[in-house]
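Inspection log for the structure reproduced underneath, given as C-alpha cells.
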There are 4 protein chains.
Amino acid sequence: MAGNTFGTLFKLTTFGESHGPAIGGIIDGCPSGVTIDMEFVQAELDRRKPGQSAIVTQRKEPDTVEFYSGIFEGVTTGTPIGFVIKNANQKSKDYAHIKDSYRPSHADYTYDQKYGVRDYRGGGRSSARETASRVVAGAIAKQVLQEVNINAYVSAVGPLKLHKPYSELDLAQTEKNIVRCPDPEVAEQMERYIKEIRKQGDTVGGIVSCVIQGAPVGLGEPVFDKLHAELGKAMLSINAVKGFEYGSGFEGASLKGSQHNDLFNTDGSTQTNLSGGIQGGISNGMDIYFNVAFKPVATIMQDQETIDNKCEKVVMQGKGRHDPCVVPRAVPIVEAMAALVLLDFYLLNKTIKS
Amino acid sequence: MAGNTFGTLFKLTTFGESHGPAIGGIIDGCPSGVTIDMEFVQAELDRRKPGQSAIVTQRKEPDTVEFYSGIFEGVTTGTPIGFVIKNANQKSKDYAHIKDSYRPSHADYTYDQKYGVRDYRGGGRSSARETASRVVAGAIAKQVLQEVNINAYVSAVGPLKLHKPYSELDLAQTEKNIVRCPDPEVAEQMERYIKEIRKQGDTVGGIVSCVIQGAPVGLGEPVFDKLHAELGKAMLSINAVKGFEYGSGFEGASLKGSQHNDLFNTDGSTQTNLSGGIQGGISNGMDIYFNVAFKPVATIMQDQETIDNKCEKVVMQGKGRHDPCVVPRAVPIVEAMAALVLLDFYLLNKTIKS
Amino acid sequence: MAGNTFGTLFKLTTFGESHGPAIGGIIDGCPSGVTIDMEFVQAELDRRKPGQSAIVTQRKEPDTVEFYSGIFEGVTTGTPIGFVIKNANQKSKDYAHIKDSYRPSHADYTYDQKYGVRDYRGGGRSSARETASRVVAGAIAKQVLQEVNINAYVSAVGPLKLHKPYSELDLAQTEKNIVRCPDPEVAEQMERYIKEIRKQGDTVGGIVSCVIQGAPVGLGEPVFDKLHAELGKAMLSINAVKGFEYGSGFEGASLKGSQHNDLFNTDGSTQTNLSGGIQGGISNGMDIYFNVAFKPVATIMQDQETIDNKCEKVVMQGKGRHDPCVVPRAVPIVEAMAALVLLDFYLLNKTIKS
Amino acid sequence: MAGNTFGTLFKLTTFGESHGPAIGGIIDGCPSGVTIDMEFVQAELDRRKPGQSAIVTQRKEPDTVEFYSGIFEGVTTGTPIGFVIKNANQKSKDYAHIKDSYRPSHADYTYDQKYGVRDYRGGGRSSARETASRVVAGAIAKQVLQEVNINAYVSAVGPLKLHKPYSELDLAQTEKNIVRCPDPEVAEQMERYIKEIRKQGDTVGGIVSCVIQGAPVGLGEPVFDKLHAELGKAMLSINAVKGFEYGSGFEGASLKGSQHNDLFNTDGSTQTNLSGGIQGGISNGMDIYFNVAFKPVATIMQDQETIDNKCEKVVMQGKGRHDPCVVPRAVPIVEAMAALVLLDFYLLNKTIKS
C-alpha cells in the first residue's frame, strides 16, 4: 500500500515533495484511443496554480506538465502515462526556521514520528503541492468521461454561506470570479472577507460543494466500495479536509423517513433527490452532489508558540507565501478527485454483466 | 475489485444475502498467536442483533457465528479465518410484495439496473444484515489491538442532540440504556422519541459519534490513504450513512487559523484537539474522534406510491419488521469498522521504518 | 496481502485447513446473469477428490460443495459467491505423530517458523485439500467463459514421458483412464508404474500439460501481469509444483531466432506456434500451451529420520493415506487455475479500449 | 490493474516507451532511513545498458537515472521515490519499416489488437528498455536488504550449457567476463558462439540461473503468493522469458519421493536442498536457486516474410542494433526482480506475528 496510489482500474500513483526537483505521477489503466487535449490539461492546472489571483498565495510556479509516455501522436495508447511537473520556485531558505521545529496543526510532527526523517522544506510530501498531480490525472479522466459534467464551487468561506441549493444557482458563473462562488453577490462578500482575514495575518476555512450531472446509472461497488464511500475517501484525502456529506448529509440525520424518501417517477427518476443520486452505494441516474469541509490553513502570519524536535518551547514566526483560504484553489482538486472516482467505477462497471 | 473486501493487510471479505442460507466472511492477514475470546465475539454480535430491545426491529435472529478455520486451540494461526452466520429467520414471503417493485430510497432499483438480476428478498446483499460479518471481524481486530479503546455512542436521534463533547461524558454509561447514548437523561428522551416515531409508522435518522483512545502515533498512509480518509470510507460504507466528519469537522470550516490551530505541549501532545488526533493523515497520539450521520430507515409502515419493474405506478404497503431508528444498533458496527481501519494501519506501520 | 486471494476482477479468496470443520471460499467479481450448472461444479470436484481410483489416496471425502450466496434461482447475481466444503473424514489421530515433528520436504517446519504456531493435523493449511476450493471457482469460471476450451492432461509420470505434442493427441481420451494421459498405451504404462511405486512405499513426480483453445486475442496485461506470468504464478501456487514453461519453454533457450520465430499467415495466425499463443505477454489467438512439473509427494510409506521441534533427531514412520503420484488428481486443478487467470484477463480486457 | 505495478508493500510502477522522451517509475513503500548509494544504483544500470561489450547491442544509451523524490540528503524518507531515465538515443527513423508491419514473434500484432493503437517505434512499451526501471528499483531493494546476496549468472547460451551446480562455481567470476558465466572456460566458448551467431545475422536463446543466499526463514505468503510463485511471476514478466523452475525443477518430476526428500539436520537446515530453499511456499533458510529460460531475440538480421496491418504479405529486412543473445544483459534484471520479490515478502513478514 503505502498510500500513494488511488483507484483500481484507472490508477493514479503520485510522487514528489514540494521542494524537490519535481513532482509527478503515473496514470495506469487509461483506456486507449482517447484523444487528449493538452491545453485543457494545462488549463485545469492553471485553475489550481498559486499566484493566480489576489486572494491566493503569491508564490509563482508555472506548473507546466510534461508527459513522458502513454500518449502517442495525441492519443492514449493504453500504456501508463508518466508525467512530471518541475518545481520551479523553491525558496528552501524560507523553511530553515522549521527544520527542527514543528508547526502547529501541520504534519511536521507526525511525519517525523512516523518515518523518523522528513524533507522539512515547505512540508515536503505533506504539502498541498502534491494535488497538482491529481489535477493532471483528473483532466485526463474528464476527457475519457466526456458525457459527465463535474462542477465544484465554493459554498462557504468562514461564516459566509451560500444558502441556495445548487439547483437554484447558475454554475456557469463559478469561474467568473476569483472566489469561485457561483453567486456573484456572495462571491464579492467572500472576497472582501478573505482579504480582511489576510490583512490580520490570519486564515479561514470554507466549504466546496460539487454537483455531478450525466453520470450513468450503476456506478459503485457495494458493499465496501460504495460510490459515496469512495467519493468520501477521495475528498478526505485532499489536504485540510475535515468532513464529507452527500445528498441530505448531516441534516438528513434529523429527518423522518416519510420526509426523506425519494419517490419514483415512472421513468425511474425520483421526484426529490435527498439520496444525492446514490442508492445502496450505486448511482441512480439523478444528480450526485456533496459538500467538502476545509479547515483554515494552519500557517498564519502571526507568532505562535510551539516545540522543536528536542521538545523545547520555541516561538515560530509566520513566514512564506501562503493562502489565506484554500477553497478557491481547492475547486479544481475536488473536481479532479471526483473524476478519478467516477472513471474508475465506470470502467469497473463494464465487467459486471455477463 | 467488486467491492466486497476491506483492508490491505488485515483484510475482510464478506458474502451473503439476508435471506440466503448464510452470511459470513474470510479474514485474511490476522497476525498469528493471538488468543481469541469467542464469547467476546458473540457478545459484540449480540450488541448488533435484531430483537434486542423495544426500540429495534422485532425480528429474531440468533446470529450465532461459527468459525471454520484460522483459529486452532483458541489461538490465531496466521491463516485465513473463515466464518459463517446462518440465516435463521427467513420469512421470505414477507418480501413477495417487492419482488417486482422498487421500494423508495432503497437499493432495489439500482441493483436491478446494475446487475440485471437481484435477490429481492429483504434487500438481499444490500441488507444491513451484511454488517454482522463486519462486527465479527471487528471483534477479532479489537482483540489484536488490546491497548486501543474504541467507544462509539449515539449523539443524535432526529432533532434530539447530545450537545456535550465526548470529554464531558461518561462513556461507561453508553451500554446502560437501549439507545446507547451515554447521557441518561438525553437517552430517555431519545427512547421516548423513537417509540413515538414507531407508533406513527415512521422512522428517524441520527448520529453516531466515536472516540478512539490509546492509538499509537503514526497510523495512516499519506497521501491517499490518510487515516481519516480510510475511516471516512469505512463509515460511509455502512448502510444508511450520509456523512462523516472528524475533529472540528464541518464547524471547523467556519473558523480562523488562529482559533483552529492546536498548540503543542512539550511532550508532543496538544493543548486543544480540533485536529481530532490526526495531522497530515497520520495519528498524533491524541484522541481520535468523529461523527457519522445516518439517514432515517427507508422502510416505513405507511403506504407509499412507487413503481414496479415495468415502470408502472403501484402502491406499496409498509410491511415486515424494521428498525424505527438504526443508530442504537449501528454503534457496534461503527466500532467494528474503526477497529478494522486501525488494525490495518497498525500492521502497515510495522513496515515503514528500516 | 497474506496470500489467500487470487485475481483482480474475478477474485477467489479461500480459507480452511484439512482437518478443521470445513474449507471454502468467496468468489468476488463474478459477472451477473450467468446460469450455473451445479452438477458440472460437483463433477469437477469429483475429478479431484480422493478415493476416485486405485492409484490415488484411499481417503474418502464426499467433497460436496454448498453455495451460500451469489447465485439466486440458478443464476449469478454479481454479488459474492460464498461456498463451503465440509471436512467429513478427519482422522486427526493419524497425525499425532507429526504434532511435534517436522516431516521432511513438507511445510511443517516453515509454517512453525513463520507463524510460531500451526494446525499440524494433516498439513493444515498447507494441505493440497485447499485446492478443492480452487476447483469450485474454476468450475464457475469455465461456465462464464463457455467459448474457451481448457484441457490438461498427464504428460509424464516419473521417467515415463509422453513424447507426442498435444496436436497429435486425442484429448478426448484424457478422462478415459485413471492416469488422465490421453495416449492409452502410455497411460497403461504409467498406471503400472504408479502401482509399483506404491508397493515400494514410495512416490513419484510427474508433469501436467495444458492446452487452451478458443481464447480471444488480447488477454494479458503487460508489463508485469503478462498472460504467461500470471499463468506461471497460478501453476506455481499449486502444491508440489517445481516448474512452469510455455510454448517452446526451456527447449526454446537452445534455439536460434531463425528457427524460433513464428511467421504470420495473412489472417494474423502463425505458421508455427513456438510462442505458445502469447506474444509480449498478450494472447495472439493461437493455442496457448504449457507444462507444469510436480515433485514426488513428500509423504512416503518408509521410515525417515527427521527432527522434532526441539531439534532432536527422531524417526518418522510413513502413515496415513496418501497419493503415490499427484498428477492424475492435479489435472482438474491445473485447468481450474488456468480458468481463473483467463477469466480475470477477459474481464480486464473489457475496460482497455475507450 | 493494467499491469504496470509490481509488489504489494514495496511497490514498483513503471512507465515509458523505448522511443518516447523518457522511461521511469515510482517506488512506493520503501522503508525510511535507508542510506542510498547512488553510485551503486548507476553501476547496476551500467550492467544492463546497451553498448557495454562486443556481444551486446551497439546502441549507445547513457541510461543515467535522475531521482526526483523520496530520498533526502541521501536517505530514504518513506515517501515515494520517483525517478526518470531520459531516452537519449532515439533513432526513430530506424523503425519506419515497422510502422505498419508486424515483426514475427514480436508484440507488434498483439499490442495493435489489444489496444487498437501503438507506439511502433522500437517496440514502444514492449521493448526490453522498460527493464532499466526494474534495475533501478532492484538496486534500491538490494540496499534495503543488505544481508541477502543475490547472484545471477548465465548457465546456458543456445546448446552450450554449464553443467556444474552453483555450489561448485565461483560466483565471484561472473562479472569478470562479458558473457557473465562464472566458469571462464565455458564463458569463452559462449562468447565465441554468440559472435558466430551474430555474424550469421541470427540470434540465440539461453538460461540465466540465480542463487539467493542469506534470506531469512519465513518469506512467502501461502497459499497463492508462495515465494516461488512470486519469483516465477517476476521472472516470467521479463521480456523473452519462456520458463521458470526452482530447486529440482523439471528434473524433480522424474524422481521418487525417497530420492527427493531433503532430510533435516538438527539445526533445521537440510542435508540436501532439492527443495530449492522453499517448503510450502515459504523460505526455509537454505539457498534459494532457480533457472530462467530466455528465447532467442526475435529481431534477426535476415529477411523474413511477414504481414502488414492490412494483412498483406510483405518482406521485412532485419534492421537496427539488437542483441544477438539477451542473457548477458538479463543477469542484472533477474537479480533486480528477485530483490523486489524478496523485499516485498520481507516487509510483509514483519506483520504476521502478533
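Order of the sequence lines fixes the chain letters, A, B, ..., with proteins taken first and strands second; residue numbering starts at 1 for each chain.
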Chain B interface, residue from [options] that has the most non-hydrogen pairs under 4.5 Å:
| options | value |
| --- | --- |
| A/Gly249, A/Ala107, A/Gly232 | A/Gly249 |
| A/Ser237, A/Gly281, A/Gly243 | A/Ser237 |
| A/Thr131, A/Val241, A/Val297, A/Leu219 | A/Val241 |
| A/Ile307, A/Val204, A/Leu274 | A/Ile307 |
| A/Pro222, A/Gly218, A/Gly206, A/Pro159 | A/Pro222 |
| A/Gly116, A/Ser126, A/Ala156, A/Gly220 | A/Gly220 |

So what's closer than 4.5 Å to chain B heavy atoms on [X]: side chain, backbone, both or neither?
| X | result |
| --- | --- |
| A/Phe294 | backbone |
| A/Phe290 | neither |
| A/Phe15 | neither |
| A/Lys233 | both |
| A/Asn261 | both |
| A/Met235 | neither |
| A/Arg103 | backbone |
| A/Ala298 | both |
| A/Ser283 | backbone |
| A/Leu160 | neither |
| A/Gln113 | both |
| A/Lys353 | side chain |
| A/Ser258 | both |
| A/Gln200 | side chain |

Largest heavy-atom contact set with chain A, pairs under 4.5 Å, which of [options]:
| options | answer |
| --- | --- |
| B/Ile278, B/Val217, B/Leu263 | B/Leu263 |
| B/Thr266, B/Val223, B/Val157 | B/Val223 |
| B/Ser354, B/Gly280, B/Cys311 | B/Cys311 |
| B/Tyr102, B/Phe264, B/Phe224 | B/Phe224 |
| B/Asp202, B/Ile238, B/Asn239 | B/Asp202 |

Fill in the blank from the handout: Applying side chain to side chain contact (heavy atoms under 4.5 Å, CB included) to A/Ser101 and not counting sequence neighbours gives A/Asp308, A/Val314, A/Met316
Testing the basics here: between [X] and [Y], what is the closest heavy-atom pair and its distance to 0.1 Å?
| X | Y | value |
| --- | --- | --- |
| A/Ala234 | A/Phe6 | CB-CZ, 3.6 Å |
| B/Ala229 | A/Leu236 | CA-CB, 3.7 Å |
| A/Ile288 | A/Gly277 | CG1-O, 4.0 Å |

Any donor-acceptor pair under 3.5 Å from [X] side chain to [Y] backbone:
| X | Y | answer |
| --- | --- | --- |
| A/Gln279 | B/Thr110 | no |
| A/Asn284 | A/Met286 | yes |
| A/Asn273 | A/Gly276 | yes |

Is it the case that the side chains of [Y] and [X] hold a donor-acceptor pair, with the cut-off being a distance below 3.5 Å and no angle test?
| X | Y | result |
| --- | --- | --- |
| A/Ser18 | A/Arg125 | no |
| B/Asn291 | B/Ser209 | yes |
| B/Ser248 | B/His260 | yes |
| A/Glu130 | A/Thr14 | yes |
| A/Thr299 | A/His106 | yes |
| A/Asn4 | A/Thr13 | no |

Exercise for the section: Answer yes if the ring centres of A/Tyr289 and A/Tyr246 are under 6.0 angstrom apart, and no otherwise. Expected result: no
Practice task
Please identify each residue that fulfils salt bridge (charged side-chain N to carboxylate O under 4.0 Å, His left out) with A/Arg118, with sequence neighbours left out.
Solution key: A/Asp108, A/Asp112
Problem - A/Tyr346 OH: over 12 foreign heavy atoms closer than 6.0 Å - result: no
Exercise for the section: Could you tell me which portion of B/Lys226 (side chain, backbone, both or neither) has an atom closer than 4.5 angstrom to a non-hydrogen atom of chain A? Expected result: side chain
Problem - Toward chain A, the part of B/Leu231 with a non-hydrogen atom under 4.5 Å - result: neither
